[in-house]
Asks: 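Provided herewith is a single structure, encoded as structure tokens, for subsequent inquiry.
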Amino acid sequence: MNFYIMTLFPEMVMDGLGTSIIGRASKNGLLNIEAVNIRDYAFNKHQSVDDYPYGGGAGMLMQAEPVYQCYQALRERIGKTPRVVYLSPQGKTFHQEMAEEFAREEELVFLCGHYEGIDERVLEEIVTDYVSIGDYVVTGGELPAMIMVDAISRLVPGVLHNDVSAEFESFQGHLLEYPQYSRPEIWHDKRVPEVLLSGHHAHIEKWRREQSVIRTAKNRPDLLEQADLTEKERKLAEEILEGQYGKKPE
Ligand code: SAM
């Protein structure tokens, strides 16, 4: 899969995505991640890319033309009109299903804003998707783009060594993942739940599913609305929501 990140800070993006699992997948040719410097397309001799906003107000705005020229050069290189994601606090909030949908693309272009953002006119011409990483404002689109590239990349076949580990994770089926334990069996007087040592796969699966329901009801009850639960599981979730679960009888 090919990722192109239009940014004023290419080294920030490449440093962040060049290590660990994503870095290894790039070296192995499963991913191609390129940061494209918008400043290379500045049309003035100082290579400045920002200016004051019309109408006044604090801060500077990235100008339309360098962003547009950068995009045009990229589009020519890719050989087709790509999907362009503008990272913006005003976009739709990123979530796992979105990551799954983006992972089906062959190439994705990310546009990172900085300062007070980007001249609206170029956004209207080139952007296909507006995506936010949450209801807060960060200084630039680079970290949000890195988060998206990471979340999408790990869904590309072969990027995670054990492909199964991407299958049973939080948000699959609108549930959070069950708690996990590794050696030793006892740590700080806390024992690994007995069922996990039993070797009985059906029992383990049943326990994990129940734990997922409990955890989701406790931490993210909003997800449950869309979760496909059995009647028994729905009842368990309701008990948690009502605060009854685990309470000792009076
Ligand atoms: N003035 C803009 C507004 O109020 O909508 C915020 C500009 S922000 C300081 C600069 C850049 O950071 C944005 O253009 C965007 O690319 C990125 N950014 C900031 N917060 C973000 C978020 N929550 N999700 C995605 N991108 C974000």
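Order of listing sets the numbers, starting from 1, for every ligand and every atom in it.
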Asks: Does ligand 1 have any atom sitting under 4.0 Å from a heavy atom of Val131?
Replies: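 So Val131 counts as touching ligand 1.
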
Asks: Identify the closest protein heavy atom to atom 23 (N) of ligand 1: which residue and atom is it, and at what distance?
Replies: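 Among all protein heavy atoms, the one nearest atom 23 (N) of ligand 1 is Tyr136 O, 2.8 Å.
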
Asks: Mark up the atoms of ligand 1 that fall under 4.0 Å of a heavy atom belonging to Val137, in ascending order.
Replies: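 Ligand 1 atoms under the 4.0 Å threshold to Val137: 8 (S), 9 (C), 20 (N).
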
Asks: For Gly134, counting its heavy atoms only, list the atoms of ligand 1 lying under 4.0 Å from any of them.
Replies: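 The list of qualifying atoms is 23 (N).
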
Asks: With rounding to the nearest 0.5 angstrom, report the SG to CD1 distance, Cys112 to Ile118.
Replies: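 One finds 8.0 Å between SG of Cys112 and CD1 of Ile118.
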
Asks: Could you see which bit of Thr139 sits under 4.0 Å from ligand 1, with heavy atoms only: side chain, backbone, both or neither?
Replies: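 Only the backbone of Thr139 comes within reach of ligand 1.
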
Asks: For Gln90, take its heavy atoms, then give the atoms of ligand 1 lying under 4.0 Å from any of them.
Replies: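 Those atoms are 3 (C), 5 (O).
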
Asks: Nearest 0.5 angstrom please: Leu111 CG to Tyr130 OH, how far?
Replies: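 One gets 9.0 Å once the value is rounded to the nearest 0.5 Å.
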
Asks: Once ring-ring contact (aromatic ring centres under 6.0 Å, His included) is applied, what residue pairs with a partner in residues 178-236 remain, sequence neighbours excluded?
Replies: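 The answer is His200-His203.
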
Asks: Write out the residue and atom name of the closest protein heavy atom to atom 16 (O) of ligand 1, then the distance separating them to 0.1 Å.
Replies: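 Closest protein heavy atom to atom 16 (O) of ligand 1: Leu87 O, 2.6 Å.
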
Asks: Check the surroundings of atom CD in Glu11: do more than 12 heavy atoms from other residues, nucleotides or ligands lie under 6.0 Å from it?
Replies: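 Correct, the count exceeds 12.
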
Asks: Answer yes or no: are there more than 12 heavy-atom neighbours, outside Arg83 itself, under 6.0 Å from its atom CZ?
Replies: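 For Arg83, atom CZ is crowded (more than 12 foreign heavy atoms under 6.0 Å).
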
Asks: Check the surroundings of atom CD in Gln180: do more than 12 heavy atoms from other residues, nucleotides or ligands lie under 6.0 Å from it?
Replies: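 Count over threshold, so yes.
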
Asks: Provide, to 0.1 Å, the distance between atom 24 (N) of ligand 1 and the closest protein heavy atom, together with that atom's residue and name.
Replies: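 Of every protein heavy atom, Ile133 N, 3.1 Å lies nearest to atom 24 (N) of ligand 1.
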
Asks: With sequence neighbours left out, which residue pairs that include part of residues 65-81 fulfil the salt bridge (charged side-chain N to carboxylate O under 4.0 Å, His left out) condition?
Replies: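 Non-adjacent pairs meeting salt bridge (charged side-chain N to carboxylate O under 4.0 Å, His left out): Glu34-Arg77, Lys80-Glu107.
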
Asks: For Asp135, I'd like to know if atom CG has over 12 heavy atoms of other residues, nucleotides or ligands within 6.0 Å.
Replies: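 Atom CG in Asp135 is not crowded, with 12 or fewer foreign heavy atoms closer than 6.0 Å.
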
Asks: Taking side chain to side chain contact (heavy atoms under 4.5 Å, CB included) as the criterion, tell me which of Asp228, Leu175, Val213 meets it with Glu233.
Replies: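 So, applying the side chain to side chain contact (heavy atoms under 4.5 Å, CB included) to Glu233 and each of Asp228, Leu175, Val213, only Val213 qualifies.
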
Asks: List every atom of ligand 1 that sits less than 4.0 Å from any heavy atom of Gly117, numbering the atoms from 1 in the order shown and giving each element.
Replies: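 Under 4.0 Å from Gly117, ligand 1 has these atoms: 14 (O).
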
Asks: Select one of side chain, backbone, both or neither to describe which atoms of Tyr86 lie under 4.0 Å from any atom of ligand 1, heavy atoms only.
Replies: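 For Tyr86, the contact with ligand 1 is made by the side chain alone.
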
Asks: Please identify which atoms of ligand 1 are closer than 4.0 Å to at least one heavy atom of Glu116.
Replies: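 Those qualifying, in numeric order: 1 (N), 2 (C), 7 (C).
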
Asks: Show the nearest heavy-atom pair for residues Arg154 and Val159, with the distance to one decimal.
Replies: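 Where Arg154 meets Val159 most closely, the heavy atoms are CA-CG1, 4.0 Å.
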
Asks: Looking only at protein heavy atoms, which one is nearest to atom 20 (N) of ligand 1, and what is the separation?
Replies: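 Ranked first by proximity to atom 20 (N) of ligand 1 is Val138 N, 3.1 Å.
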
Asks: Tyr115 heavy atoms, cut-off 4.0 Å: which ligand 1 atoms fall inside?
Replies: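 Atoms satisfying the 4.0 Å criterion: 7 (C), 8 (S), 9 (C), 10 (C).
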
Asks: Got the closest protein heavy atom to atom 18 (N) of ligand 1, with its distance?
Replies: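 In this structure, atom 18 (N) of ligand 1 has Pro89 CD, 3.7 Å as its nearest protein heavy atom.
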
Asks: Considering Ser88, Gly141, Gly113, Ala58, which one's heavy-atom position lies nearest to atom 26 (N) of ligand 1?
Replies: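 The nearest heavy atom belongs to Ser88.
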
